[in-house]
Amino acid sequence: MDNDKVKSRREFLQSGVRLSLALALGGIGGLAVSRLTGDDYVWQIDPFKCTQCGRCATECVMSPSAVKCIHAYDLCGYCDLCGGYFKPGYNALSTAGENQLCPTAAIERKFIEEPYFEYVINEELCIGCAKCVKGCTSFGNGSLHLQIVHSLCVNCNECSIARVCPSEAISRVKASQAYRIKGGFTQESAG
Amino acid sequence: MKNKWILIFLLLLAVVIVGVMVADFKSTRPDQIASNPFEYNVDQYKAVDSALVLYTETRNLQLSMQEPAAIALAGDRLFVAGDQWVQVIGLQGKLISEISLPEKPHAVAATPDRLLVATKASVLVYDPAGKLLATWKEGFSESSVLTSVAVAGDNIFIADAGQRKVYRFNPSGEKILEFEGKVNDEVLHGFIVPSPCFDVAINADGDLWVANPGKHALENYTFDGNLRGYWNKSSMEVEGFSGCCNPAQFTFLPDGNFITSEKGLVRIKEYKPSGELVGVVAPPAKFQDDGHAPEVVADAESRIYALDFDRKMIRVFEKKER
């Protein structure tokens, strides 16, 4: 009777160790699989919530900011008088620096055909100040908008821009859907 | 003695930590942050000198529609198209009748004997009782986006923002001609329509006027599509039109003055037939930021009825008494 009792305790300990090992291995395996197949999260701007306050240029830990202006060409009117390119009180509709709204001349104005012009963002020069976005949103179709560029973003645990964003436009999104480009991303889909 | 100094040190450390936390909390609150050198403030363009505002808002007519789309006025009745209805409303706001539509309307025009409703690429013709008389589909294409209808006797003008053309139809639904507003000299260009804001209207003298929003122009055409005259004004100040697509909407007062409605900086203004600014009907402060340009119509008493798409209501503006 006693032998049986000792045996069953040993068996109990053995099976307990085996079970623990199996659980640990299963857990590690599951974690590895989830790391391989699961989605990470990254920070991104909802262009419909953004109020173009300019904080993306000053608050990002990266210098210049990882936030850049993106152009949704299918929404653009290709206007001659572009509210995102020309500053108020411009002298002429020309590419002279005195007429440009962008503080770093990061927007290239290209003639397409009379009277249409294409506006291309030079990402290296863009500091994410949103001046052009404000101009385009206030006076035009709103085709210019800000996005966090993930090849530049270091994905801080707490985004320093999100902390001060007055419209709470920055949130974590799935890495598989890391961008919210206007056109494909609509106000309706934003919810 | 030693413990006492440790206690004092810990207390001081706690005070410093709390101080740093409070300072950090206050400094990162959005309303506590110093002004941003990169902020582009367009508020100065929204501000309008009160002396320029010649009208006052006297009434609002709330609509029972989710998506109001267009408004027309004939006699003492307003015709509001939206959802899949046209609501006939008295000038005091009383709902008179409703006409069911087979699809979403884009524009509406009314005459004493017929009601014309433009959808994306067709025109529905109704009699005053709401009976469907005809559906015009010939003459439009898949890329058509009809945005405005205006009637002058037996001539029906339809603006197509998708094709950037104006069509002239007869009452039988036959397209007589179409024109793109192109002229040979370099003064003007054809219709430039970057967004679905492309309006046509007939003034009290029976003249056809077309908005060329990409050129910030109002252009007068013969019924054969020949340019007769125009005026334009590009400016971010109140005197002119700015952005991609303005004036987005317009109508006429009985004296021939223009009433224009703008998107972007949403505002309604009055201009003389020559293009000189008379004054402001409704400044941007009256409308939602980044809202839609209200469609405007005017009655025989020069009251302006603005269809506010964002607030889903008709807002009535009357000239202030001097």
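Lettering of chains follows the sequences in order, A, B, ..., and the numbering in each one begins at 1. These figures come from a predicted structure and were not determined experimentally.
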Original post:
Does A:Y179 have its ring centroid less than 6.0 Å away from the ring centroid of A:H150?
Top reply: yes
Original post:
Can you list the steps and then say if B:F250 with B:F241 is a ring pair (Phe, Tyr, Trp, His ring centres under 6.0 Å)?
Top reply: CA-CA 12 Å; B:F250 73 100; B:F241 304 115; 9.9 Å; no
Original post:
What is the ring orientation for B:F258 with B:W231, classed by angle as parallel under 30°, tilted 30 to 60°, or perpendicular over 60°?
Top reply: perpendicular
**OP:** Taking only Lys NZ, Arg NE, NH1 and NH2, and the carboxylate oxygens of Asp or Glu, determine whether B:K120 and B:E103 approach each other closer than 4.0 Å.
**Re:** no
Subject >> Among the listed options A:G54, A:P115, A:C129, A:G140, the residue most often paired with chain B at heavy-atom distances under 4.5 Å >> reply: A:P115
**OP:** For chain A, find which of B:D289, B:N41, B:I192 contributes the most heavy-atom pairs closer than 4.5 angstrom.
**Re:** B:I192
Original post:
When you look at CD of B:E67, are more than 12 heavy atoms from neighbouring residues, nucleotides or ligands closer to it than 6.0 Å?
Top reply: no
Subject >> Toward chain B: residues of residues 70-80 of chain A with heavy atoms under 4.5 Å >> reply: A:G77, A:C79
**OP:** State whether the number of non-hydrogen atoms from other residues, nucleotides or ligands found under 6.0 Å of A:E168 atom CD is greater than 12.
**Re:** no
Subject >> Worked check of side chain to side chain donor-acceptor pair (under 3.5 Å) between B:N246 and B:K233 >> reply: CA-CA 10 Å; B:N246 281 312; B:K233 217 157 242 182; over 6 Å; no
Subject >> A:T104: partners by side chain to side chain contact (heavy atoms under 4.5 Å, CB included), with sequence neighbours left out >> reply: A:C102, A:A106, A:L125, A:I127
**OP:** Under 4.5 Å, heavy atom to heavy atom: which of residues 83-96 of chain A reach chain B? Give them by number, or say none.
**Re:** A:G83, A:F86, A:P88, A:Y90
Original post:
Which residues in residues 153-162 of chain A have any heavy atom lying under 4.5 Å from a heavy atom of chain B?
Top reply: none
Original post:
Do any N or O atoms from the side chain of B:K269 and from the backbone of B:V238 form a donor-acceptor pair under 3.5 angstrom?
Top reply: yes
Original post:
Checking B:R315 against B:F287: charged group under 6.0 Å from the ring centre and within 45 degrees of the axis?
Top reply: yes
Original post:
Would a 4.5 Å heavy-atom cut-off, applied to side chains only, mark B:Q84 and B:P102 as touching?
Top reply: no
Subject >> Pair B:D308 + B:K286, salt bridge at N-O below 4.0 Å >> reply: no
**OP:** Look at atom CD of A:Q14 and say whether more than 12 heavy atoms of other residues, nucleotides or ligands are closer to it than 6.0 Å.
**Re:** yes
Original post:
Are the aromatic rings of B:Y40 and A:F139 close, with centres under 6.0 Å apart?
Top reply: no
